[in-house]
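Reading through the C-alpha cells given below for one structure.
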Amino acid sequence: MSLDFETMAHDCGEWLRASGPESDIVISSRVRLARNLTDFPFIARASESDREQIEQILHARIEALQAAGKLPAATPGGELHYINVGKLSEVDRQFLVERQLISREHAEAEGARAVVIDGGERFSVMINEEDHLRIQVMHSGLDLETAWKEINQIDDLLEEQVNYAYNDRLGYLTACPTNVGTGIRVSVMLHLPALVITRQIDKVFRSLQKINLAVRGLYGEGSQAMGDFYQISNQVTLGMPEEELLKKVADVVPVLLEYERQARDFLIRESQETLHDRVSRAFGILRTAQTISSEETLHLLSSVRMGVNLGLIGDVAIPTVNKLFVHTQPAHLQKLAGMELDQSDRNIERASYLRRHLNGGKPPAGAN
Amino acid sequence: MKCQKCDKPATFHITDLVDGEPKEVHLCEVCAKDFLAPITQDSDSAMPEMAGLLAQQLAIGQTAEELAELDQRVCPVCGISFLEFRKQGRLGCPHDYVHFAKELEPLLVNIHGETQHVGKTPRRGGANAEQQTQLIRLRREMKEAVTKENYERASEIRDEIRSIEQAS
Ligand SMILES: [Zn+2]
Ligand SMILES: [Zn+2]
C-alpha cells in the first residue's frame, strides 16, 4: 500500500499525542528488537544480491502475515505500509527520520532496504539496517509494558515465518556484540528542561551510567541535547530476561520524574519571575519571529513546553507543542509547504508556520 | 617500549592494517584511545566506544605476534577476518559467534557482564539454526564451483543445500 507523505505530514504519530501516562515529562516509550535470518550473512558482509534476497523474503513474509489478518492485531491503525527506502528521495528519507520511523543510518545507507509502518505509526520494522530486522514499537507517555507485549507478539508472528539466527548460549545473534542475547533496547524519551536549567543533568546522567543505563540527546550530539530531550535506555542485552531489562529502565523513570518536578518546583519557588520571563520571551519570539533556525526553535519550544506544563502559558496545548517539534524539522516543513526549500527559505517558512500555529488564529497585538 | 606518538610507556600493542599489510603500532593508553576511535557508530549509540573497548581487551596480555596471528583468522562461513571485525566492530555472520567464541568472550563480559543468554527463545528453528547458517558457506562454495565450471561439485553442493533447506 502506498503512503502519501504530504498527507501524513499534517498529522503526527501516535507517540506524539501526549495521551499516555506522565506525558508532561515522558514523551514516549519505545522497545526495539534486533533480529537476523540465520542463513544470510550479517549486513556488513552481505552482497547486494544477499540484501535484495533478504528484503524480498521479509517483504513476502510480512505481506503474508498482513493478508492473513494477523499483524493488525497489534495495530489499531489497521493498514500496513511497505516502503522501499532505497527508492525514496532524500527529503522523504529525512521525513521518516524526523518521525522516528527509521534511523539516520538507515536513511543514509546504500543498497536494498525497506521499512514497514503501521497506519498509527506505533510500530515499524526496518529491513537491512545494521541487522536484517529492527522491529520497533513506540507509545506515547510511560507505557513500556504494553509496548513490550505488542512487540513480543509481532516478533512471535515473524518468527513463525523465518529462522532467526540464535544459539542457546548467546541467544539472538546480532551484527554487533553490544546487542546479542535478547537483542532488546528499551528506551524512554524524557523532556528535562528544569534539570538542565538547574545544572543537575550531568549528575543525573553519571548516576544512570553507573547502573548501566545509556543516555543520549534526541537531537544533536553529546549530553547537551537540543530541546532538552533525552533518551534513557538499557546498555546490557545479554544475561538478563527481557522483562528485567524493561524493569531496569521503568524503575528509574519515576525517580527522574521526581527530580525534574523538584527542579521545576525549585525554579517556581526561588525564581518565578526569571522563569516566567524566560518562558514568556520564548513564546513571544516563536509567535512573532520572521525567520528562525531549527536549533533556536527547538530551544525555545522547550521553554514553552515547560511553561505550558507549569501553567505559565495558557492558550496552547501540549499535543500542539509536541507536534511543532516535529513539524518544524526541515523535511516536514518542506512536505507541509509542498515544495523544496533551501535553508534560508526554510527559516522563513518555519517562522510563518510557528506564527500560524501559536497565535490561535489571531495575530498577537503589535505583530504582523 | 615508548609510545610512538608521545614519550609515555606503550601499553597497547595494536595490529593495524596499512595498505592491506598488517603493521604493529605501539601506543600509550591516551594515544590508543584516539587511535581506536570507532569509525562507525551503533545506530542506538548505546555503546559507541565498543570497537575501542574490543581492541583494548585484545591488546592486554597478548604479544604483537599473537595478535597478528589472531587477526589473520578467518570465519569459514562468511570469510571475515578477525582484523576486519576489529576494524569495523561488526561481525560477518552468525557463525562468527562460534568460530571466534574464545576471542569474543572477554568482550561480552566487558559489555554485558554475562556470557549466557536468559530470556526469550525462538519456538522453532533455534535448534538447527547453526546448521542453517552453513547455507551461507554452501551457497558461496556453489557459486565458486560454477565459476570454475566444476559442475559436478556444484550439483553435490546443491543437493546438500536442499537437504538442509528441507530439514528446516
Ligand atoms: Zn602516547
Ligand atoms: Zn562468519
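The chains referred to below are lettered A, B, ... by the order of the sequence lines, with proteins before strands, and numbering in each begins at 1. Values below: every heavy atom of this structure, side chains too, minus hydrogens, waters and symmetry copies.
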Picking from D96(B), I80(B), L108(B), which has the most non-hydrogen pairs under 4.5 angstrom with chain A?
I80(B)

How far does CD1 of I161(B) sit from CG of D39(A), to the nearest 0.5 angstrom?
10.5 Å

Take atom NZ of K248(A) as the centre, draw a 6.0 Å sphere, and report whether it contains more than 12 heavy atoms from other residues, nucleotides or ligands.
yes

Rounded distance [0.5 Å steps], NE2 in H117(B) versus OG1 in T237(A)
10.0 Å

First locate atom CD of Q88(B), then atom SG of C176(A), and finally report the distance between them rounded to the nearest 0.5 Å.
10.5 Å

Which atoms form the tightest heavy-atom contact between C93(B) and P41(A), and what is the distance?
CB-CA, 4.1 Å

Report which part of R139(B) has an atom under 4.5 Å of a heavy atom belonging to chain A: side chain, backbone, both, or neither.
side chain

Given N36(A), D156(A), L213(A), the one with more heavy-atom pairs under 4.5 angstrom with chain B than any other is D156(A)

Using a 4.5 Å cut-off on heavy atoms from C-beta on, say whether the side chain of P177(A) contacts that of L91(B).
yes

Under a 4.5 Å heavy-atom cutoff, which of G92(B), G119(B), G113(B) has the most pairs with chain A?
G92(B)

Note: E159(A)-R123(B) ion pair, threshold 4.0 Å (strictly below):
no

Quick one: which of V236(A), T38(A), D50(A) has the most heavy-atom pairs under 4.5 Å with chain B, could you say?
T38(A)

Atom CD of residue position E90(A) - does it have more than 12 heavy atoms of other residues, nucleotides or ligands inside 6.0 Å?
no

Counting only heavy atoms from other residues, nucleotides and ligands, does the tally under 6.0 Å from CD of E110(A) exceed 12?
no

Counting heavy-atom pairs under 4.5 Å with chain B, the top scorer among V162(A), I43(A), I184(A), L37(A) is V162(A)

Output yes when a side-chain donor or acceptor of Y97(B) lies under 3.5 Å from a complementary backbone atom of V180(A), and no otherwise.
no

Under 6.0 Å from the CZ atom of R104(A), do we count more than 12 heavy atoms belonging to anything else shown?
no

Side chain from CB out, backbone as N, CA, C, O: work out which of these in N152(A) comes under 4.5 Å of a heavy atom of chain B, or both, or neither.
both

Non-neighbouring partners of K2(B) that pass side-chain hydrogen bond (donor to acceptor under 3.5 Å, both in side chains), sequence neighbours left out:
none

Distance, nearest 0.5 Å, that separates CG of D168(A) from OG1 of T121(B)
8.0 Å

Among G181(A), A165(A), G183(A), S47(A), single out the residue with the greatest number of heavy-atom pairs under 4.5 Å to chain B.
G181(A)

Using distance only, find each side-chain donor-acceptor pair of residues 238-245 of chain A under 3.5 Å and give its atom names and separation, not counting sequence neighbours.
{"residue": "E242(A)", "atom": "OE1", "partner": "K120(B)", "partner atom": "N", "Å": "3.1"}
{"residue": "E242(A)", "atom": "OE2", "partner": "K120(B)", "partner atom": "N", "Å": "3.2"}

How far does CG of L170(A) sit from OG1 of T115(B), to the nearest 0.5 angstrom?
7.5 Å

Could you tell me if the side chain of F42(A) sits less than 4.5 Å from the side chain of C78(B), heavy atoms only?
no

Does R45(A) make a cation-pi contact with F85(B), if we ask for NZ or CZ under 6.0 Å from the ring centre and within 45° of the axis?
no

Region of N212(A) in contact with chain B, defined by heavy-atom distances below 4.5 Å
neither

Find the one option among V118(B), L135(B), L138(B) whose heavy-atom pairs under 4.5 Å with chain A are most numerous.
V118(B)

CD of E69(B): more than 12 outside heavy atoms within 6.0 angstrom?
no

In terms of side-chain heavy atoms, does N163(A) have a donor or acceptor partner in Q132(B) at a distance below 3.5 Å?
yes

